[in-house]
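Here the structure comes first, spelled out in structure tokens, and everything after it is commentary.
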Amino acid sequence: MKPNLKLAETTTPDGARLALYEHDGAYCIRLNGQDLMHSSVTASEIRLGELAADTLSNQPDSLVLLGGLGLGFTLKSLLAKSGPGAKVQVAELIPQIVDWNRNLLADLNGRLLDDPRVEVLSLDVWRVIEEAEPARYDALVLDIDNGPTAMVQKQNARLYSRAGLEQAALVLKPNGRALFWSARPDPAFAKRLARAGFAVEVVPAPLY
């Protein structure tokens with residue numbers, strides 16, 4: 001039986017252990033020993049990027065903010081369906097994740113960071129949204145945690161508050177789209193989205 005190889009480890013802003021593992025050609029990022037994302041379970045991340053790209057299909061020049069790089073599968077599907085004029089800002093709070101993608105996961109999706117359409121921001125996505133001018137983005141894609149349940153950083157909860165959602169709506173262009181990854185249906189979060197002015201649709205995705 002092939003072992004799980006720990007390739008790298010770092011600490012989150014809240015002091016949790018974040019580690020990258022490889023097993024039989026597959027990669028996994030774990031938070032305090034718990035699987036956070038896995039390269040063999042990517043259907044929902046890919047669907048997230050596709051839904052964002054659908055918003056841009058008739059726009060030659062567009063700007064997307066992607067919160068959270070992870071293993072790069074949302075970015076991959078977003079770029080695959082976006083035109084040459086699209087721009088994607090990737091806001092990643094933990095710089096080591098960017099380093100892992102460039103140096104340890106280059107053959108997975110890491111080379112996508114060199115795509116001329118991509119700009120990497122080593123910033124908390126909250127700060128990017130808070131400081132953006134109104135109507136800046138065609139789409140916001142947030143895959144920064146376990147959905148509205150903040151795991152990686154407790155402060156992520158502010159993104160899913162009513163005030164955070166209203167700020168997200170403010171920086172979207174008219175007819176823009178915000179997409180939020182969630183591990184499970186969350187009716188309370190859907191209600192907060194509606195109260196913040198969003199038309200809400202829950203889109204299921206297969207696990208594999």
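Remember, it's a predicted structure, so these values are computed and weren't measured experimentally. For the numbers below, each heavy atom of this structure counts, side chains included, while hydrogens, waters and symmetry mates do not.
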Within the distance-only criterion (no hydrogens, no angle test), does the side chain of [X] pair as donor or acceptor with the backbone N or O of [Y] below 3.5 angstrom?
X	Y	result
D138	L63	yes
D143	G68	no
T12	A16	yes
T74	E45	yes

Can you confirm whether [X] sits close enough to [Y] that some side-chain heavy atom of one is under 4.5 Å from a side-chain heavy atom of the other?
X	Y	result
L108	Y27	yes
I144	F180	no
D99	T10	no
L78	F73	no
V88	L75	yes
K76	L112	yes

Please determine whether a side-chain nitrogen of the Lys or Arg among [X] and [Y] lies less than 4.0 Å from a carboxylate oxygen of the Asp or Glu.
X	Y	answer
E130	R127	no
R158	D124	yes
R111	D115	no

Enter the distance from [X]:[atom1] to [Y]:[atom2] here, rounded to the nearest 0.5 Å.
X	Y	atom1	atom2	value
I29	L71	CD1	CG	4.5 Å
N175	R177	CG	CZ	10.5 Å
Q96	N103	CD	CG	12.0 Å
E9	R30	CD	CZ	11.5 Å
E22	C28	CD	SG	11.0 Å
L140	Q89	CG	CD	10.5 Å

**Request:** Could you check L48 against V141 for side chain to side chain contact (heavy atoms under 4.5 Å, CB included), going step by step and ending with a plain yes or no?
**Result:** CA-CA 8 Å; L48 193 68; V141 186; 3.5 Å; yes
Closest heavy-atom pair and its distance - [X], [Y]:
X	Y	answer
I94	E92	N-OE2, 3.0 Å
V202	P204	O-CD, 3.6 Å
I97	G70	CG2-O, 3.8 Å
S77	G49	OG-CA, 3.2 Å

**Request:** Using the test ring pair (Phe, Tyr, Trp, His ring centres under 6.0 Å), find all partners of Y21 that sit at least two apart in sequence or belong to another chain.
**Result:** none
**Request:** Go through R102 and D114 one step at a time and tell me if the salt bridge (charged side-chain N to carboxylate O under 4.0 Å, His left out) criterion holds.
**Result:** CA-CA 9 Å; R102 290 191 185 281; D114 296 323; 3.1 Å; yes
**Complete:** The side chain to side chain contact (heavy atoms under 4.5 Å, CB included) partner of V90 among V118, V125, V64 is V118
For residues 188-200, which side-chain N or O atoms pair as donor and acceptor with protein atoms under 3.5 Å away, sequence neighbours left out?
unit_1, atom_1, unit_2, atom_2, d
R192, NE, Y160, O, 2.7
R192, NH2, Y160, O, 3.2

**Item:** Residue pair L79, R117: steps toward the side chain to side chain contact (heavy atoms under 4.5 Å, CB included) verdict
**Value:** CA-CA 8 Å; L79 291 174; R117 295 173 291 174; 3.6 Å; yes
**Item:** Full working for side chain to side chain contact (heavy atoms under 4.5 Å, CB included) between W126 and L142
**Value:** CA-CA 10 Å; W126 168 264; L142 296 182; over 6 Å; no
**side chain to side chain contact (heavy atoms under 4.5 Å, CB included) assessment of I129 paired with L159** = CA-CA 9 Å; I129 293 173; L159 282 163; 4.0 Å; yes
**Message:** Is there a path of hydrophobic side-chain contacts, each under 4.5 Å between heavy atoms of I/L/V/M/F/W/Y residues, joining V120 to W100?
**Reply:** yes
